[in-house]
Amino acid sequence: MTKIKIIEFNSKSYNELLKFRFCKLRKPLGLLWSKQDLKNENNQIHFALIKDKKIIGSCVLKKINNKKARIRQMAIEDIYRNKGYGKKILNEAENYAKINGFKEIMLTARVSAKKFYLKNGYKEIGEVFIDVTVESIMMLKELYEKN
């Protein structure tokens, strides 16, 4: 059984989540955390996907302005990819954003993950660029129905 928890900044669980994010997103690129990478983490919402008391997924929601939020640090443990877990944690972050009045979510997607985000209603905006040494693209999803 899996559950998604909002993790309190600077808690023991937050430190475990930070370690998970590092192992999945930074270490494979040979990168360390910088102060800039972790700036304002205290003002963001940290989601952890937990299975059998172990973190298997992460997602961070950052407020950009009163109408727009940003998804950051989305990662799923390799053996759980393509099994619906990414969609589950993404939906949780999107629902949280909707409940809190956000109308759009943007994100920087690795090109290798673009298909996942397209399937989940995101649209490409702009051209491919290099972000943290990886080919990436900006993507956007509107959280409300247009009339």
Side-chain angles (χ1 to χ4, degrees), residues 2-10 13-14 16-51 55-147:
T2 61
K3 62 183 174 182
I4 297 172
K5 287 177 60 176
I6 292 178
I7 303 298
E8 184 180 334
F9 176 74
N10 245 3
S13 295
Y14 171 79
E16 291 172 15
L17 186 60
L18 202 57
K19 189 185 300 182
F20 173 84
R21 288 168 38 195
F22 176 78
C23 289
K24 293 287 134 208
L25 299 169
R26 304 296 285 190
K27 189 176 180 182
L29 303 175
L31 300 172
L32 299 175
W33 291 116
S34 70
K35 285 185 181 179
Q36 185 64 27
D37 293 326
L38 300 175
K39 186 178 178 185
N40 297 319
E41 286 257 321
N42 58 317
N43 295 322
Q44 298 173 47
I45 309 303
H46 303 270
F47 297 89
L49 178 61
I50 300 166
K51 182 176 177 68
I55 295 172
I56 66 162
S58 71
C59 182
V60 177
L61 188 67
K62 177 181 180 182
K63 177 181 178 178
I64 302 298
N65 60 42
N66 288 338
K67 301 289 180 199
K68 188 182 286 186
R70 179 183 201 108
I71 294 283
R72 305 177 52 250
Q73 301 291 297
M74 177 83 175
I76 299 296
E77 186 69 57
D78 296 351
I79 63 170
Y80 295 108
R81 288 190 184 157
N82 298 310
K83 296 181 179 176
Y85 293 107
K87 181 178 181 66
K88 187 173 184 174
I89 197 167
L90 183 63
N91 286 343
E92 188 74 19
E94 289 173 357
N95 288 335
Y96 182 95
K98 283 181 195 175
I99 289 167
N100 286 279
F102 294 102
K103 304 297 181 199
E104 295 179 332
I105 293 185
M106 61 184 294
L107 55 85
T108 301
R110 293 180 180 187
V111 169
S112 60
K114 182 174 81 168
K115 191 185 287 186
F116 167 77
Y117 291 110
L118 288 170
K119 279 197 273 187
N120 283 283
Y122 288 79
K123 295 181 177 145
E124 299 175 51
I125 52 174
E127 301 294 321
V128 172
F129 62 98
I130 302 298
D131 182 50
V132 200
T133 75
V134 179
E135 281 194 326
S136 303
I137 189 155
M138 293 299 297
M139 301 188 83
L140 181 75
K141 181 175 184 177
E142 295 178 353
L143 297 177
Y144 59 94
E145 298 294 323
K146 286 186 177 178
N147 293 334

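Identified under the salt bridge (Lys or Arg N to Asp or Glu O under 4.0 Å) test for residues 85-104, with sequence neighbours left out: Lys68-Glu104, Glu94-Lys141. Residue pairs that meet the ring pair (Phe, Tyr, Trp, His ring centres under 6.0 Å) test with at least one member in residues 97-118, sequence neighbours left out, are Tyr117-Tyr122. Here ring pair (Phe, Tyr, Trp, His ring centres under 6.0 Å) pairs that include residues 59-92, with residues two or more places apart or in two chains, are Tyr80-Tyr85. Applying the salt bridge (Lys or Arg N to Asp or Glu O under 4.0 Å) test to residues at least two apart or on different chains, none of the pairs has a partner in residues 130-140.
Nearest heavy-atom pair, Ile76 versus Gly57, reported as atom, atom and distance to 0.1 Å: CD1-CA, 3.8 Å. In terms of heavy-atom proximity, Pro28 sits nearest to Cys23 at CD-O, 3.3 Å. Annotation for Tyr14 and Glu8: closest pair CB-O, 3.2 Å, computed over non-hydrogen atoms. Closest approach of Ala48 to Ile89, counting heavy atoms only: C-CD1, 4.1 Å.
Under the rule for a side chain to side chain donor-acceptor pair (under 3.5 Å), Asn82 has no partner lying at least two apart in sequence or in another chain. Checked against side chain to side chain donor-acceptor pair (under 3.5 Å), Lys63 has the following partners two or more places apart in sequence or in another chain: Asn66. For Ser34, the side chain to side chain contact (heavy atoms under 4.5 Å, CB included) test picks out Gln36, Asp37, with sequence neighbours left out. Under the side chain to side chain contact (heavy atoms under 4.5 Å, CB included) criterion, Leu32 pairs with Phe22, not counting sequence neighbours. Partners of Asp78 by side chain to side chain contact (heavy atoms under 4.5 Å, CB included), not counting sequence neighbours, listed by chain and number: Lys24, Arg81. In this structure Glu124 satisfies the side chain to side chain contact (heavy atoms under 4.5 Å, CB included) test together with Lys114, Leu118, Ile137, Met139, sequence neighbours excluded. Not counting sequence neighbours, the partners of Phe47 by the ring-ring contact (aromatic ring centres under 6.0 Å, His included) test are Tyr96. Applying the side chain to side chain donor-acceptor pair (under 3.5 Å) test to Arg72 and every residue at least two apart in sequence or in another chain returns Glu41, Gln44.
Taking CG of Leu90 as the start and CG of Asn95 as the end, the distance is 9.5 Å to the nearest 0.5 Å. Taken from CG in Leu107 to OG in Ser136, the straight-line distance is 10.5 Å, to the nearest 0.5 Å. Here OG1 of Thr133 is found 8.5 Å from CZ of Arg26. Values are rounded to the nearest 0.5 Å. Atom CG of Leu25 and atom OG of Ser58 lie 6.0 Å apart (nearest 0.5 Å). Note: Ile56 CD1 to Leu49 CG = 4.0 Å, rounded to the nearest 0.5 Å. Distance check: Lys123 NZ to Leu140 CG gives 8.5 Å after rounding to the nearest 0.5 Å.
At a threshold of 4.5 Å between non-hydrogen side-chain atoms, the residues Ile105 and Leu143 count as touching. With contacts defined as side-chain heavy-atom distances shorter than 4.5 Å, the pair Val60/Leu17 does not qualify. Within the 4.5 Å cutoff, side-chain heavy atoms of Ile71 are placed close to those of Leu61.
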| query | Ile45 and Asn100: side-chain contact (heavy atoms from CB on, under 4.5 Å), yes or no, with the steps? | reply | CA-CA 12 Å; Ile45 309 303; Asn100 286 279; over 6 Å; no
